[in-house]
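Scroll down for the structure; my scribbles are underneath it.
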Amino acid sequence: MKVAQGIAVSPGIAIGRAFLFSEEKLAVPSYEISPGQVSYELERFNTAVDKATRDVESLLSQEGGELGDAERKLLESHRLMLTDPELASQVGKELQSRKRNVEWVLVEVVKALTQKLAATGDEYLRERASDIHDIANRILRHLMYRKRVSLESLDEQVILVAHNLLPSDGISMNKQMVLGIAADFGGKTSHVAILARSFEIPTVLGLSELAAHVHSGDQLIVDGNRGVVIVQPDDETLREYVRSREAWQKHELQLLNLNELKAETRDGKLILLEANIEIPEEIDSVLAHGADGIGLYRSEFLFIVPKRFPAEEEQLAAYLRVLESMKPREVTIRTLDLGGDKIIPGVRPVEESNPILGWRAVRFCLSRPEIFKTQLRALLRASVHGNLKIMFPMISGVEELESTLEVLEQAKQELRREGHPFDEEIPVGIMIEVPSAAFTSDILAKKVSFFSIGTNDLIQYTIAVDRENERIAYLYEPFHPGVLRLIRMVIDSAHAGGIPVGMCGEMAGDPYAAVILLGLGLDEFSMSAIGIPEIKRIIRSVTVSEAEELVGTIMEMKSYREIDACVRTWMEERFDFIAAY
Ligand code: PEP
Ligand code: MG
């Protein structure tokens, strides 16, 4: 039995057999290129070869005798093959004559080469074919930014174990078959964590090197409440966990009794508790958990799932489905937030050294107005069929907001000309998730109808801590005084400007943060649907003045440790928590 400690990111307990998601099959794209693109394709090939060669060299330079003799010899031969000018020359010739993309050409060149070797009948040469495939895969991986095999085809219930999972893996996996998830990489606000909570799958991330010690078929326990994964548990541990799984399920069912009740404090302040969703299929769970509406629909998954940019009508159908099923509740749809780790498999056009600070969200949309306008037109057309609000992600300042509003205005004018009806008064708001937006929130509040604080990114950018990186997860601290002051500033600016302010980052669903956010004056909380009943229980048990008093105390404190300890004691004196958040 092996016990591994990671980060608890999605509650619940799963017991099952492991499925090790490590194989990478590369789906090679195939398309025509113009004669002018041949040199660009060749350049891409040379860059990918350089990177693959560096990979091999870095493996070779490992210290401490980690490589055996045979492995070293093999890598040496791969290095030689990678730098063989003959390969580049073959690829260049084929690019000229076939006029297709370089990935496809490489596969063809390799096929021809290995067929030639097989025809010699020489066993040694035949064996070299597998080396050629190996180096071709290394090159392809760089050309294609490591495409991953899809998890759509899972056909038995398993616990998914991986070194790293991408949001595109998480969204496309066959959710009914995934009992639990355990991965080495990631933290509480990784998009895979967010998806796991949305799909109610117990999950532990940040396990460092668990995947290397698990085999497909091993029995596994994933304790998403305590952040523990147990490999090949003994009988006693297994019995204990079967009991705790029952207790957890009972606790969850009990919380659902609050569904018909409002989130109203003991002194009568009504708070809106809404849900975050990634795909329309989540609506049933949203309604089952008693949400007052949808505070964040991450529309980018509408693009990531089909791996392309869907047309206006297709988007309209998805938005209508959500609006109609949530009626008369409100639905806030966020425009495309692609970039960072949220990429459309195979479509990412550029490689960036700092994607999280790069060409993402509205920055991407503003430079691709045809894609942006298609989405805005679909949203506007949907607005007459329900209670819709539009929200823009990653706004960093007033110029960016104005450019964004301009595209919205163009979309409105087009629809007016074409006679398509839309809600002329549609509320338009922004996420506050970039520190510069928080600092200028007084200015921005005059230009929009609402704010929603995106703490996942706001914390990442404020503390300069990658939200995906488990090694520095200890720094990712919502109770950092710097973060709390920014949140207070945003809430105060919104109220001074006469607009409501919500929060749709994961902090809004953290039971330990609920009273603080209430005391700071937050109007709306939006979170994974499963978090709603617990937050409702807390809000219904306190008064605003108690919450304000707690805020008064912690805002005087100097460090997040001090604040964390104070809040924990305060909360645990009043509430019993089963899940460890
Ligand atoms: C956030 O940054 O807090 C947020 C809600 O957006 P996302 O998690 O999709 O980046
Ligand atoms: Mg964000």
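Counting starts at 1 for both ligands and their atoms, in listed order.
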query: In terms of heavy-atom contacts, does CD of Glu370 have more than 12 from other residues, nucleotides or ligands at under 6.0 Å?
result: yes

query: CZ of Arg485: more than 12 outside heavy atoms within 6.0 angstrom?
result: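 Not more than 12 within 6.0 Å, no.
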
- prompt: Are there any protein N/O/S atoms under 2.8 Å from the Mg ion (ligand 2), and if so, which?
  reply: Glu433 OE1, Asp457 OD2

Residue [X] vicinity, atoms of ligand 1 by number, heavy atom under 4.0 Å:
| X | answer |
| --- | --- |
| Leu296 | 5 (C) |
| Ile194 | 8 (O) |
| Cys504 | 5 (C) |
| Asp457 | 1 (C), 2 (O), 3 (O), 10 (O) |

task: Measure from the side-chain N and O atoms of Ser198 to the backbone N and O of Ser528, and report whether any donor-acceptor pair falls under 3.5 Å.
output: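 Side chain of Ser198 to backbone of Ser528, a donor-acceptor pair under 3.5 Å: no, none is there.
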
Considering only protein heavy atoms, which is closest to [atom], and at what distance to one decimal place?
| atom | result |
| --- | --- |
| atom 7 (P) of ligand 1 | His191 NE2, 3.4 Å |
| atom 1 (C) of ligand 1 | Asn456 CB, 3.4 Å |
| atom 6 (O) of ligand 1 | Arg334 NH1, 2.9 Å |

- request: Mind telling me whether Phe364 and Phe309 have parallel, tilted or perpendicular rings, with 30° and 60° as the class edges?
  value: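 Parallel: the ring planes of Phe309 and Phe364 meet at under 30°.
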
message: Quick check: closest heavy atoms across Lys327 and His385, and the distance to 0.1 Å?
response: CE-O, 3.0 Å

message: For a quick check under 3.5 Å, do His191 and Arg298 share a side-chain donor-acceptor pair by atom type?
response: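 Arg298 and His191 do not have a side-chain donor-acceptor pair below 3.5 Å.
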
task: State whether a side-chain donor-acceptor pair under 3.5 Å links Glu506 with Thr189.
output: no

query: Hey, is Arg467 touching ligand 1 through its side chain, its backbone, both or neither, going by heavy atoms under 4.0 Å?
result: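 Side chain only.
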
- prompt: When you look for heavy atoms under 4.0 Å from ligand 1, do you find them on the side chain of Ile453, its backbone, both, or neither?
  reply: neither

message: So is Lys342 touching ligand 1 or not, going by heavy atoms under 4.0 Å?
response: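 For ligand 1, residue contact (heavy atoms, under 4.0 Å) with Lys342 is present.
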
message: Is there a polar contact between ligand 1 and Arg298, counting only N or O atoms under 3.5 Å apart?
response: yes

- prompt: Do any nitrogen or oxygen atoms of Glu433 come within less than 3.5 Å of a nitrogen or oxygen of ligand 1?
  reply: yes

field: Test: Arg381 and Glu313 ion pair at under 4.0 Å
entry: yes

task: Just grab all the salt bridge (charged side-chain N to carboxylate O under 4.0 Å, His left out) pairs involving residues 440-453, residues at least two apart or on different chains.
output: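 Matches after skipping sequence neighbours: Glu402-Lys447.
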
- request: Apply the test side chain to side chain donor-acceptor pair (under 3.5 Å) to residues Ser493 and Ser441: give CA-CA distance (whole Å), side-chain angles for both, the deciding distance (0.1 Å), then the verdict.
  value: CA-CA 6 Å; Ser493 303; Ser441 49; 2.9 Å; yes

- prompt: What is the distance from atom CG of Leu517 to atom CD1 of Ile491, rounded to the nearest 0.5 Å?
  reply: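 Output value for this atom pair is 6.5 Å.
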
task: Give the C-alpha distance, both sets of side-chain angles, the deciding distance and a yes or no for salt bridge (charged side-chain N to carboxylate O under 4.0 Å, His left out) between Arg540 and Glu264.
output: CA-CA 5 Å; Arg540 289 179 57 81; Glu264 186 173 2; 5.4 Å; no

